[in-house]
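See structure below.
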Amino acid sequence: MSGELYGLGPIEQVPPGEGRSFGVNNQQIAVFRLRDGSLRAVSAVCPHRGGPIADGTIDQTEVLCPLHQHAFALDTGCSTTGAPPLQTYPVFVDADQNIMLQLE
C-alpha cells in the first residue's frame, strides 16, 4: 500500500449494515461496515446533488443515495443509475480494532 494512513477510531462506531461520515484531510469520506464485517470507503457526498452518502441504504455491493436513490457500487464507486462515480478508498481494521483509511 502506498499513501498516507489515517486512523478513524474504533470499529464499533460503525454498526454492521450502516455507514458513518468522517472528515479526513479536508475531504468527507463515508465508511460502511457490511454485514459480513468487511469495510468499504467512498466519497461521502453524492455527485448528483450533494446527498449524504453515509446515510444511504446499503447491501453487500451497493449504496443508495438517500436523496434521489442513485446507486453506487461500494467496491468501484461506479453508479448503476447514471450518476458520476464516487471516489473509493482503501480501508481496513488494524490489530487494535481501529478503522484505518489510506489516502494517496
Side-chain angles (χ1 to χ4, degrees):
M1 266 196 256
S2 64
E4 193 163 351
L5 288 177
Y6 293 86
L8 304 181
I11 185 67
E12 290 82 23
Q13 66 186 326
V14 183
E18 294 186 21
R20 295 290 183 268
S21 184
F22 295 90
V24 182
N25 199 27
N26 296 320
Q27 298 178 58
Q28 287 296 310
I29 298 174
V31 174
F32 295 95
R33 186 174 175 193
L34 305 183
R35 297 256 179 225
D36 67 5
S38 64
L39 298 177
R40 301 290 185 274
V42 297
S43 46
V45 179
C46 181
H48 174 238
R49 291 221 177 144
I53 292 295
D55 294 341
T57 303
I58 65 167
D59 62 18
Q60 267 316 106
T61 60
E62 291 185 332
V63 59
L64 292 178
C65 178
L67 294 186
H68 300 101
Q69 303 305 303
H70 278 290
F72 300 91
L74 288 168
D75 59 347
T76 66
C78 292
S79 173
T80 59
T81 54
L86 297 173
Q87 175 70 44
T88 61
Y89 303 91
V91 63
F92 64 94
V93 177
D94 70 7
D96 295 322
Q97 297 300 300
N98 289 307
I99 300 168
M100 301 300 293
L101 180 84
Q102 180 185 0
L103 293 182
E104 293 298 322

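Values below: every heavy atom of this structure, side chains too, minus hydrogens, waters and symmetry copies.
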ask   = Are F72 and L64 joined in one hydrophobic group, where the rule is that I, L, V, M, F, W and Y side chains link up if heavy atoms are under 4.5 Å apart?
value = no

inquiry  = Under a plain distance cut-off of 3.5 Å, with no hydrogens placed, do S43 and Q28 share a side-chain donor-acceptor pair?
reply    = no

note = To the nearest 0.5 Å, atom CD1 of I53 lies from atom CG of L67 at 8.5 Å

ask   = Roughly how far, to the nearest 0.5 Å, is the CG atom of D96 from the CD1 atom of I11?
value = 13.0 Å

task = Taking all heavy atoms of C65 and all of G51, pick out the closest pair and write down the distance.
result = SG-CA, 3.9 Å

request  = Hey, could you give me the CD/OH distance between E104 and Y89, rounded to the nearest 0.5 Å?
outcome  = 10.5 Å

task = Compare every heavy atom of V45 with every heavy atom of L86, then report the nearest pair and how far apart it is.
result = CD2-O, 3.8 Å

task = Check the pair E62, T80 against side chain to side chain donor-acceptor pair (under 3.5 Å), reporting the backbone distance first and the verdict last.
result = CA-CA 9 Å; E62 291 185 332; T80 59; 3.2 Å; yes

note = With sequence neighbours left out, the residues meeting side-chain hydrogen bond (donor to acceptor under 3.5 Å, both in side chains) with Q13 are none

ask   = Within the distance-only criterion (no hydrogens, no angle test), does the side chain of D59 pair as donor or acceptor with the backbone N or O of T61 below 3.5 angstrom?
value = yes

key: Qualifying residues under ring-ring contact (aromatic ring centres under 6.0 Å, His included), relative to H48, sequence neighbours excluded   = H68, H70

Side chain proximity check, V24 to L103, heavy atoms < 4.5 angstrom = yes

task = Kindly give the heavy-atom pair with the smallest separation between M100 and L5, and that separation in Å.
result = CE-CB, 4.2 Å

query = Okay, side chain of R40, backbone of L74: is any donor-acceptor separation there less than 3.5 Å?
reply = no

Close side-chain approach of V31 and F22, heavy atoms under 4.5 Å = yes

message = For the CG atom of L101 and the CZ atom of F92, what is their distance to the nearest 0.5 Å?
response = 9.0 Å

ask   = So which heavy atom on T76 is nearest to which on T88, and how close?
value = C-CG2, 3.3 Å

request  = Report yes if some heavy atom in the side chain of R33 is under 4.5 Å from a heavy atom in the side chain of P16; otherwise report no.
outcome  = yes

key: Criterion side chain to side chain contact (heavy atoms under 4.5 Å, CB included) on Y6 and I29, from CA distance to verdict   = CA-CA 12 Å; Y6 293 86; I29 298 174; over 6 Å; no

ask   = For R20 and P15, which heavy atoms make the closest approach, and how far apart are they?
value = NH2-CD, 3.4 Å

Sidechain-backbone polar pair: S79 side chain, A71 backbone, donor-acceptor under 3.5 Å = yes

ask   = Which pair of heavy atoms, one from A30 and one from A44, lies closest together, and at what distance?
value = N-CB, 3.5 Å

inquiry  = Is there a side-chain contact between L39 and L34 in this structure, where contact means two heavy atoms from C-beta onward sitting under 4.5 Å apart?
reply    = no

key: Interatomic spacing from CD in Q27 to OG in S21 - rounded to 0.5 Å   = 11.5 Å

request  = For the residue pair S38 and F32, establish whether any side-chain heavy-atom pair is separated by less than 4.5 Å.
outcome  = no

ask   = Do Q60 and R35 pass the side chain to side chain contact (heavy atoms under 4.5 Å, CB included) test, and can you show the C-alpha distance, the side-chain angles, and the key distance before you say yes or no?
value = CA-CA 7 Å; Q60 267 316 106; R35 297 256 179 225; 4.0 Å; yes

